[in-house]
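The model shown is predicted, which means the values in this text are computed figures rather than measured ones.
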Amino acid sequence: MPGVRMRSFLALLVMLMVSLAAWPVHAQDPPPRIGPFVVDLHGTIPRFPTDDLLAQSRGMKLAELPGSGLGLQVGVHLYLLRWRAVTFGVGGELAASRARQTPAALSAEAIAAGIQPVRPAEERFTSIAPQLSFNFGTGHGWSYISGGLGQSVWSIVPEGQEDYPPDTDRLKTINYGGGARWFAKSHVAFSFDVRFYAINPGSAAYRFTQSPRTTLLVIGAGVSVK
């Protein structure tokens, strides 16, 4: 599965670079350089994993895991060095997302038959990390690949289970991905980002198992300002 994700990601980046290489020339002036800075503001859709090991680490049923949610991604990047076709950038990113699952109430017949109710649950993910980026294109629009190492807090809280230690662990997290920005105006662009967060295992607590090593996929789109 990781190999399939990586091949799809590389294919996406190739298409982005080809499309931006064909970006039309504006008037007769040479295109501006990338930067000198950009601020990204994206709405995101995180695809939270739903697997048995994760559910066991929180003492939950598989059906109680919320799955996909909504979030926000804010990034600031500086572009200080260009070498041939590559512009190098440094910056940082804050990502926060949330998902909630509220099951339908069981009927009296289901309760009488001994069917156990599914608890409502909320899942939250917050990550902050520096990033290094490799950018291809011009100031009118460019694609990039980027990555960084930081920390995240990943909590999954079913109803009635508060203050569970793994929900406050600061976990080492590697983020990597890429995207593109298209400047239809001088200082405002449409942009999108596809990013993976490789999250270290969390601690075990009480009678539950350790949370597994996980890769979280987050897809974002919004605006960039330079």
Side-chain angles (χ1 to χ4, degrees), residues 2 4-47 68-97 125-150 152 173-198 215-226:
V4 173
R5 285 199 298 261
M6 182 57 68
R7 286 195 296 271
S8 300
F9 174 64
L10 291 176
L12 173 64
L13 289 181
V14 169
M15 288 188 291
L16 286 173
M17 292 174 193
V18 170
S19 66
L20 288 174
W23 191 263
V25 176
H26 287 58
Q28 297 178 349
D29 297 327
R33 291 192 171 193
I34 293 172
F37 72 91
V38 72
V39 178
D40 297 323
L41 179 61
H42 293 160
T44 60
I45 299 177
R47 298 194 62 181
S68 298
L70 295 173
L72 185 68
Q73 194 179 57
V74 180
V76 179
H77 307 276
L78 301 175
Y79 305 97
L80 306 176
L81 175 64
R82 180 175 180 175
W83 182 73
R84 296 187 178 180
V86 183
T87 300
F88 299 91
V90 294
E93 179 207 72
L94 170 66
S97 51
F125 174 78
T126 304
S127 171
I128 185 168
Q131 283 184 346
L132 173 67
S133 64
F134 303 89
N135 303 269
F136 309 88
T138 73
H140 295 313
W142 68 90
S143 59
Y144 63 88
I145 55 175
S146 62
L149 173 63
S152 66
T173 302
I174 298 172
N175 75 82
Y176 57 94
R181 304 178 180 96
W182 289 274
F183 283 86
K185 296 185 177 181
S186 299
H187 300 287
V188 181
F190 167 76
S191 57
F192 77 92
D193 184 88
V194 179
R195 192 150 302 274
F196 297 96
Y197 295 84
T215 300
L216 172 65
L217 169 63
V218 176
I219 300 172
V223 297
S224 297
V225 179
K226 68 173 181 177

One should read off an interatomic distance between Leu149 CG and Leu132 CG, to the nearest 0.5 angstrom, of 12.5 Å
Can you measure from CZ (Arg47) to CD1 (Ile219) and round to the nearest 0.5 angstrom? 7.0 Å
Test item: Asn175 and Gln131 side chains (from C-beta on) under 4.5 Å apart, heavy atoms: yes
Arg195 versus Tyr144, closest heavy-atom pair with distance: NH2-CE1, 3.8 Å
Quick one: pull up CD1 in Ile45 and CG in Leu70 and give me the separation to the nearest 0.5 Å. 6.5 Å
Specify the closest pair of heavy atoms between His42 and Ser191, including all atoms of both residues, with the distance to one decimal. NE2-OG, 2.7 Å
How are the rings of Trp142 and Tyr79 set to each other: parallel, tilted or perpendicular (split at 30° and 60°)? perpendicular
The reported gap from OG in Ser224 to NE2 in His187 (rounded to nearest 0.5 angstrom) is 14.0 Å
List for me each residue that meets side chain to side chain donor-acceptor pair (under 3.5 Å) alongside Ser97, sequence neighbours excluded, and say none if there are none. none
Using the test ring pair (Phe, Tyr, Trp, His ring centres under 6.0 Å), find all partners of Phe134 that sit at least two apart in sequence or belong to another chain. Phe88
For Ser133 and Ser146 the tightest heavy-atom approach is CB-CB, 3.7 Å
With sequence neighbours excluded, what pairs up with Thr173 under the side chain to side chain donor-acceptor pair (under 3.5 Å) test? Ser152
Could you list the residues that satisfy side chain to side chain donor-acceptor pair (under 3.5 Å) with Glu93, not counting sequence neighbours? Gln73, Tyr197
Enumerate the salt bridge (charged side-chain N to carboxylate O under 4.0 Å, His left out) contacts for residues 68-80, please, sequence neighbours excluded, ordered by first and then second residue. none
What are the two closest non-hydrogen atoms of Lys226 and Ser186, and how far apart are they? CE-O, 3.1 Å
Salt bridge (charged side-chain N to carboxylate O under 4.0 Å, His left out) partners of residues 30-43, not counting sequence neighbours, each pair once: Asp40-Arg181
Run Val194 and Leu217 through side-chain contact (heavy atoms from CB on, under 4.5 Å) and show every step you take. CA-CA 8 Å; Val194 179; Leu217 169 63; 4.0 Å; yes
Locate the shortest heavy-atom distance separating Ala96 from Thr44; write the atom from each residue and the value. O-OG1, 4.4 Å
Test Val86 against Phe136 for side-chain contact (heavy atoms from CB on, under 4.5 Å), laying out the working first. CA-CA 6 Å; Val86 183; Phe136 309 88; 3.5 Å; yes
Atom CG of Leu72 with >12 non-hydrogen neighbours under 6.0 angstrom: yes
